[in-house]
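Have a look at the structure below before the remarks.
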Amino acid sequence: MAVNEHIEKILKPIGLPIAYRAFKPYKNKPVPAPPYLIYLISNESGRGADGKNLYKRLHIVVELYTTTKNTALEDKVENAISKYEFEKYETYIESEKMWLVSFEFDIFEKQGGINNVE
């Protein structure tokens with residue numbers, strides 16, 4: 001399973017619109033109103049031994065955008081990613097009049113698929 005598919009599978013039960021990096025308006029499909037989720041892979045690094053990369057560490061960022069502080073939605077995101085150790089940050093974007101709550105965690109990808117290596 002591709003990493004993006006894996007992340008979307010984790011986040012889908014939350015029930016919010018999801019996009020990689022940004023929503024892009026189409027002819028009949030405008031950008032959704034908040035709340036919604038954006039995710040991205042902020043960086044990757046190869047790891048291994050004996051001169052071979054055996055797996056990649058992918059640093060994932062999931063951003064929850066809301067117009068009001070919504071701890072119930074934050075809890076849903078936390079529950080969805082609870083398999084992974086994560087860090088959580090929040091800020092208010094004055095120019096957009098929105099709350100941004102960011103969750104960061106790592107996924108490890110092996111040749112045989114995605115695994116949470118501890």
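Within a 6.0 Å sphere centred on NZ of Lys76, other residues, nucleotides and ligands contribute 12 heavy atoms or fewer.
Residue Ile93 is grouped with residue Val31 when hydrophobic side chains (ILVMFWY) are merged at heavy-atom distances under 4.5 angstrom, including chains of intermediate members. Ile14 is not connected to Met98 by any chain of hydrophobic side-chain contacts under 4.5 Å among Ile, Leu, Val, Met, Phe, Trp and Tyr, and they are in different clusters. Note on Val61 and Leu37: same hydrophobic cluster, where clusters join Ile, Leu, Val, Met, Phe, Trp and Tyr whose side-chain heavy atoms are under 4.5 Å apart, directly or indirectly. Hydrophobic clustering keeps Ile18 apart from Leu100 (ILVMFWY residues linked when any side-chain heavy atoms are closer than 4.5 Å, directly or through intermediates).
Interatomic distance, CD1 of Ile10 versus OG of Ser82, reported as 9.5 Å (0.5 Å rounding). A distance of 7.5 Å separates CZ of Phe108 from OG of Ser45, quoted to the nearest 0.5 Å. Expressed to the nearest 0.5 Å, how far CD1 of Ile81 lies from CD of Glu104 amounts to 10.0 Å. Expressed to the nearest 0.5 Å, how far CD of Glu63 lies from OG1 of Thr91 amounts to 11.0 Å.
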Check your understanding: Taking it one step at a time, do Glu109 and Leu58 satisfy side chain to side chain contact (heavy atoms under 4.5 Å, CB included)?
Key -> CA-CA 8 Å; Glu109 181 180 39; Leu58 300 105; 3.7 Å; yes
Check your understanding: Yes or no on side chain to side chain contact (heavy atoms under 4.5 Å, CB included) for Ile107 and Lys56, after CA distance, side-chain angles and deciding distance?
Key -> CA-CA 8 Å; Ile107 287 180; Lys56 288 193 295 189; over 6 Å; no
Review point. Under the side chain to side chain donor-acceptor pair (under 3.5 Å) criterion, do His59 and Glu44 qualify, and how do the steps go?
Key: CA-CA 6 Å; His59 189 73; Glu44 299 180 21; over 6 Å; no
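Put simply, the side chain of Ile60 does not reach to within 4.5 Å of the side chain of Asp106, judged on heavy atoms. Side-chain contact between Lys24 and Lys29 is absent, with no heavy atoms from C-beta onward closer than 4.5 Å. You'll find the side chain of Thr71 reaches within 4.5 Å of the side chain of Lys69, heavy atoms only. A 4.5 Å side-chain heavy-atom check between Tyr39 and Glu8 finds at least one atom pair inside the cut-off.
Considering Tyr89, Tyr92, Tyr65, Tyr36 as possible partners of Trp99, the one that fulfils the ring-ring contact (aromatic ring centres under 6.0 Å, His included) test is Tyr92. The only member of Thr66, Val77, Leu73 that meets side chain to side chain contact (heavy atoms under 4.5 Å, CB included) when paired with Leu16 is Leu73.
A ring-centre distance under 6.0 Å is found for Phe105 and Tyr84.
When all heavy atoms of Leu40 and Tyr20 are compared, the pair lying nearest together is CA-CE1, 3.6 Å. Between Glu74 and Phe103, the shortest heavy-atom contact is O-CZ, 4.0 Å. A pairwise comparison of heavy atoms in Ala22 and Ile38 identifies CA-CD1, 3.9 Å as the closest pair. Taking each heavy atom of Pro25 and Phe23 in turn, the nearest pair found is CD-O, 3.9 Å.
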